[in-house]
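Single-structure report; data block below.
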Amino acid sequence: MISTERSITIAASPNEVWTVLAHFATISTWAPNVDHSCLLSDQTEGIGMVRRIQTGRVTVLETVEHWDPGVSLGYAITGLPPVIRSLSNTWRLAVDGAGTTVTLTAAIDAGSRPPRQLVAKIVGRKLGQASEQMLAGLAAATRVGLTQGMNR
């Protein structure tokens, strides 16, 4: 298992940041590397919620596996090439002075054999870059008040 972790501190409360993250279907409105997103489940919050995202020509499903309002959100990502056994993202929020430190961790399992570990490392580097873009987008969305008008 390979993991990559990126963090950013946002001048907002964890609840303000959570409000953006918790609107699971709307990631394409604030993440610059997500072209399209929509819910595939009737469920609109909590464990079991499923969204479809498209980034360029890649389409994946993301299923919420961990939901702790104001603290963390974790989801499994499926629909990737078979060389990737599993992939997940976990967002963690922590109070940091007057703001919130948001940490995004991607965990990649491509198997234990050396060629697969190399694939996991390459995927991890790409996911690190994608994580930086998503964190910057989340910070911008929170700063401009994207949370206004969203149900808490």
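Being a predicted model, the structure only gives us computed values, none of them experimental.
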List, one per line, each side-chain donor-acceptor pair under 3.5 Å for residues 96-115, sequence neighbours excluded.
{"from": "D96", "atom 1": "OD2", "to": "T9", "atom 2": "OG1", "distance (Å)": "3.4"}
{"from": "D96", "atom 1": "OD2", "to": "T101", "atom 2": "OG1", "distance (Å)": "2.7"}
{"from": "T100", "atom 1": "OG1", "to": "A12", "atom 2": "O", "distance (Å)": "2.6"}
{"from": "T101", "atom 1": "OG1", "to": "T9", "atom 2": "OG1", "distance (Å)": "3.1"}
{"from": "T103", "atom 1": "OG1", "to": "S7", "atom 2": "OG", "distance (Å)": "2.9"}
{"from": "T105", "atom 1": "OG1", "to": "E5", "atom 2": "OE1", "distance (Å)": "3.1"}
{"from": "T105", "atom 1": "OG1", "to": "R92", "atom 2": "NH1", "distance (Å)": "3.2"}
{"from": "D109", "atom 1": "OD1", "to": "G111", "atom 2": "N", "distance (Å)": "2.9"}

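- Scanning for side-chain contact (heavy atoms from CB on, under 4.5 Å) contacts around V34 gives I27, S28, A31, S37, I53, T55, with sequence neighbours left out.
- Shortest non-hydrogen contact noted between I47 and Q43 is O-NE2, 2.6 Å.
- At a threshold of 4.5 Å between side-chain heavy atoms, the hydrophobic network of Ile, Leu, Val, Met, Phe, Trp and Tyr places M1 and V83 in two separate groups.
- Rounding to the nearest 0.5 Å places CD of Q133 at 11.5 Å from CZ of R6.
- Grouping Ile, Leu, Val, Met, Phe, Trp and Tyr residues whose side-chain heavy atoms lie under 4.5 Å apart, directly or via other members, places L61 in a hydrophobic cluster with L40, V50.
- Applying the salt bridge (charged side-chain N to carboxylate O under 4.0 Å, His left out) test to pairs two or more places apart or on separate chains, none has a residue in residues 69-79.
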If you apply the rule side chain to side chain contact (heavy atoms under 4.5 Å, CB included), what do you find for I84 with V119, and how did you get there? CA-CA 8 Å; I84 304 295; V119 168; 4.1 Å; yes
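- Partners of Q54 by side-chain contact (heavy atoms from CB on, under 4.5 Å), not counting sequence neighbours, listed by chain and number: H36, R52, T59.
- From E16, atom CD reaches atom CG of L93 across 11.5 Å, with rounding to the nearest 0.5 Å.
- Within the 4.5 Å cutoff, the side chain of T19 has no heavy atoms near those of the V17 side chain.
- Here the NE2-CH2 distance, from H23 to W18, works out to 11.5 Å after rounding to the nearest 0.5 Å.
- A pairwise comparison of heavy atoms in A139 and I8 identifies CB-CD1, 3.9 Å as the closest pair.
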Run the side-chain donor-acceptor check on residues 67-77: report pairs under 3.5 Å with partners two or more places apart or on a different chain.
{"from": "S72", "atom 1": "OG", "to": "H66", "atom 2": "NE2", "distance (Å)": "2.6"}
{"from": "Y75", "atom 1": "OH", "to": "R51", "atom 2": "NH2", "distance (Å)": "3.4"}
{"from": "Y75", "atom 1": "OH", "to": "N89", "atom 2": "ND2", "distance (Å)": "3.3"}
{"from": "Y75", "atom 1": "OH", "to": "W91", "atom 2": "NE1", "distance (Å)": "3.1"}

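- Using a 4.5 Å cut-off on side-chain heavy atoms (C-beta onward), T26 and V20 make no contact.
- Using a 4.5 Å cut-off on side-chain heavy atoms (C-beta onward), R125 and T4 make no contact.
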